[in-house]
Amino acid sequence: MSKQNDNKTINVGIIGAGGRMGRMLIEAVQDNAQTTLSAAIEREGSSLVGADAGEVAAIGRLDIQIVDDLQAVIDDIDVLIDFSLPDATEQNMQICAEHNVAMVIGTTGFNEQQEQVLRNASKHIAIVYAGNYSTGVNLSLKLLEMAAKAFGNDADVEIIEAHHKHKIDAPSGTAYMMAEAVATARDQNLKEVAIYGREGQTGARETGTIGIHAVRGGEIIGDHTVMFIADGEVVEITHRARARMTFAAGAVRAATWVINQNKGQYNMQDVLGLSE
C-alpha cells in the first residue's frame with residue numbers, strides 16, 4: 001500500500017513540468033480538490049529550473065520551484081506523474097520504487113528492457129501505466145473488444161492514428177492499446193499479426209492481420225479510428241481529442257486512485273472500473 005493517508009491532500013510531483021503536457025498537469029493538479037502540487041521537475045540544464053511552477057503554467061505563483069533532480073524532492077511526493085521520455089522514465093521508476101512513491105505513467109515508446117523495469121518496479125509500488133488517460137478512449141477500448149469478439153476474423157481491422165508534427169514516436173501508445181484490445185479479444189499475439197503501413201508489392205491481405213498506420217501533421221492533438229471491414233459492411237470506432245486537458249485531468253484522476261492501491265501494475269481501465 002502506498003504511503004498516502006486518506007485524510008490529507010495527495011502530494012503530486014510532475015516530471016517535465018515546463019513542457020506542454022507538464023503545464024496542463026500542474027493546472028489539473030491544482031484544480032482537483034484531492035491533490036496539490038508538491039514538486040515540479042525538469043531536465044538538467046533546462047532554462048526553467050528555478051522558476052515558479054505556477055507561473056510557468058500561467059495559473060499564478062505556487063511557491064513551488066522547478067528543480068532538475070527528482071531525488072532532491074522525492075520525499076515530498078506521494079504520487080509522481082511522468083509523461084516524459086522512456087530513458088528518463090526508466091530512471092524515475094527505479095527512484096520511486098526505492099522510496100515507495102506511487103506512479104502514474106503516460107510515457108510511450110518503451111523498449112523491452114524498459115518494460116521489464118516497469119514490471120520490476122510494480123513489484124514494489126503501485127503504478128498506473130496507460131498510453132491514454134482520457135475517459136473516451138478507455139470507453140472505446142471496451143467497444144473495440146466487443147466488436148472484435150463479434151466479428152472475429154470475418155472483418156479485416158485497420159487502425160489509423162493522427163497526431164501533431166512534434167510527436168516523436170509512432171505509432172502512438174493509444175494505437176497500440178487499441179490494437180492490443182482487438183488482438184486480445186481475438187486470442188491473437190499482436191506482435192505476430194500487426195502490419196505497420198504498406199509499401200510496394202505486398203500481396204493479398206492476410207486474414208487476421210491488424211493494420212496500423214500513423215499520420216503526422218499540424219497541431220492534431222490525437223485522432224484514432226479503428227475500422228472493422230467485413231464483406232458488405234464497415235464499422236468504424238473513432239475517438240478525437242479536442243483538448244489536452246482531457247488527458248491531464250484523467251492522469252490526475254488516476255493519481256487519486258493509485259494512492260490507495262496495493263503494489264502492482266494497473267491501467268486506466270482499472271481506474272474507471274471497466275476491467276472485468
Side-chain angles (χ1 to χ4, degrees), residues 105-112 114-116 118-119 122 127-163 167 169-216 220-242 246-247 250 254 264-276:
I105 299 174
T107 304
T108 58
F110 282 168
N111 59 33
E112 290 186 7
Q114 289 156 343
E115 289 176 351
Q116 184 60 51
L118 171 64
R119 288 190 288 271
S122 67
I127 300 176
V128 176
Y129 173 52
N132 195 299
Y133 282 88
S134 93
T135 299
V137 161
N138 283 278
L139 287 172
S140 297
L141 294 176
K142 295 300 291 184
L143 295 174
L144 291 173
E145 179 184 341
M146 293 171 59
K149 287 181 177 179
F151 278 115
N153 285 334
D154 290 337
D156 297 321
V157 178
E158 297 286 310
I159 299 172
I160 304 168
E161 60 97 339
H163 283 82
K167 188 170 178 59
D169 62 315
S172 68
T174 301
Y176 278 121
M177 289 169 63
M178 290 178 164
E180 190 66 59
V182 172
T184 299
R186 300 199 305 191
D187 295 321
Q188 296 175 308
N189 183 331
L190 180 60
K191 291 182 179 179
E192 296 175 355
V193 298
I195 303 294
Y196 298 99
R198 296 185 181 86
E199 182 182 9
Q201 299 297 317
T202 61
R205 191 186 200 283
E206 184 178 344
T207 300
T209 55
I210 298 174
I212 307 174
H213 313 275
V215 176
R216 296 290 178 267
I220 299 171
I221 294 175
D223 291 358
H224 295 83
T225 294
V226 181
M227 305 173 68
F228 291 86
I229 310 169
D231 293 340
E233 61 181 344
V234 177
V235 172
E236 295 185 4
I237 296 174
T238 296
H239 178 271
R240 293 189 175 92
R242 289 296 173 258
T246 298
F247 309 122
Q265 182 178 330
Y266 305 92
N267 57 37
M268 196 58 180
Q269 299 273 307
D270 298 315
V271 175
L272 297 172
L274 295 174
S275 298
E276 293 181 354

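Note that the numbering runs from 1 along the sequence shown for the chain. Just the heavy atoms: all of them, side chains too, but no hydrogens, waters or symmetry mates, feed the values below.
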Go through the structure and list residues passing salt bridge (charged side-chain N to carboxylate O under 4.0 Å, His left out) with Asp156, not counting sequence neighbours.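 Asp156 satisfies salt bridge (charged side-chain N to carboxylate O under 4.0 Å, His left out) with Arg205 only.
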
Salt bridge (charged side-chain N to carboxylate O under 4.0 Å, His left out) against Glu199, all qualifying residues, sequence neighbours excluded: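 With neighbours one apart ignored, the set is empty.
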
Please name all residues satisfying side-chain contact (heavy atoms from CB on, under 4.5 Å) with Tyr176, sequence neighbours left out, ordered by chain then number.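 side-chain contact (heavy atoms from CB on, under 4.5 Å) list for Tyr176, sorted by chain: Pro171, Tyr196.
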
Sequence-distant partners of Gln188, side-chain contact (heavy atoms from CB on, under 4.5 Å), two or more places apart: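 Applying side-chain contact (heavy atoms from CB on, under 4.5 Å) to Gln188 gives Asn153, Ala183, Arg186, Val193, Ile210.
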
Is the count of non-hydrogen atoms from other residues, nucleotides or ligands lying under 6.0 Å from Asp231 atom CG greater than 12?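 No.
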
Write down the atom of [X], the atom of [Y], and the distance for their closest heavy-atom approach.
{"X": "Gly173", "Y": "Thr108", "value": "CA-CG2, 3.7 Å"}
{"X": "Met177", "Y": "Ala130", "value": "SD-C, 4.3 Å"}
{"X": "His224", "Y": "Ser172", "value": "NE2-OG, 2.9 Å"}
{"X": "Asn267", "Y": "Ser275", "value": "OD1-OG, 4.0 Å"}
{"X": "Met227", "Y": "Ile160", "value": "SD-CD1, 4.2 Å"}
{"X": "Ile220", "Y": "Ala162", "value": "CG2-O, 3.4 Å"}

Heavy-atom side-chain proximity of [X] to [Y] below 4.5 angstrom:
{"X": "Arg242", "Y": "Asp223", "value": "yes"}
{"X": "Thr174", "Y": "Phe247", "value": "no"}
{"X": "Met178", "Y": "Leu141", "value": "yes"}
{"X": "Val157", "Y": "Val226", "value": "yes"}

Roughly how far, to the nearest 0.5 Å, is [atom2] of [Y] from [atom1] of [X]?
{"X": "Leu274", "Y": "Glu145", "atom1": "CG", "atom2": "CD", "result": "10.0 Å"}
{"X": "Leu139", "Y": "Leu144", "atom1": "CG", "atom2": "CG", "result": "11.0 Å"}
{"X": "Leu118", "Y": "Ile127", "atom1": "CG", "atom2": "CD1", "result": "5.0 Å"}
{"X": "Glu115", "Y": "Phe110", "atom1": "CD", "atom2": "CZ", "result": "8.0 Å"}
{"X": "Asn189", "Y": "Glu180", "atom1": "CG", "atom2": "CD", "result": "7.5 Å"}
{"X": "Asp169", "Y": "Arg216", "atom1": "CG", "atom2": "CZ", "result": "7.0 Å"}

Is there a donor-acceptor pair closer than 3.5 Å between any side-chain N or O of Thr184 and the backbone N or O of Ala181?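 Pair absent, no side-chain N/O of Thr184 close to backbone of Ala181.
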
Using a strict 4.0 Å threshold on nitrogen-to-oxygen distance, state whether Lys167 and Glu161 make a salt bridge.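 Judged by the 4.0 Å cut-off on N to carboxylate O distance, Lys167 and Glu161 do not form a salt bridge.
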
Mind checking what makes ring pair (Phe, Tyr, Trp, His ring centres under 6.0 Å) contact with Tyr133, not counting sequence neighbours?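 With neighbours one apart ignored, the set is Phe83.
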
Looking at residues at least two apart in the chain, or sitting in another chain, which of them share a ring pair (Phe, Tyr, Trp, His ring centres under 6.0 Å) with Phe151?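 Ring pair (Phe, Tyr, Trp, His ring centres under 6.0 Å) check on Phe151 returns Phe228.
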
Worked verdict on Val128 versus Asp270 for side chain to side chain contact (heavy atoms under 4.5 Å, CB included): CA-CA 9 Å; Val128 176; Asp270 298 315; over 6 Å; no

Working note: Asn138 + Val271, criterion side chain to side chain contact (heavy atoms under 4.5 Å, CB included); need CA distance, chi angles, decisive distance, verdict. CA-CA 10 Å; Asn138 283 278; Val271 175; over 6 Å; no

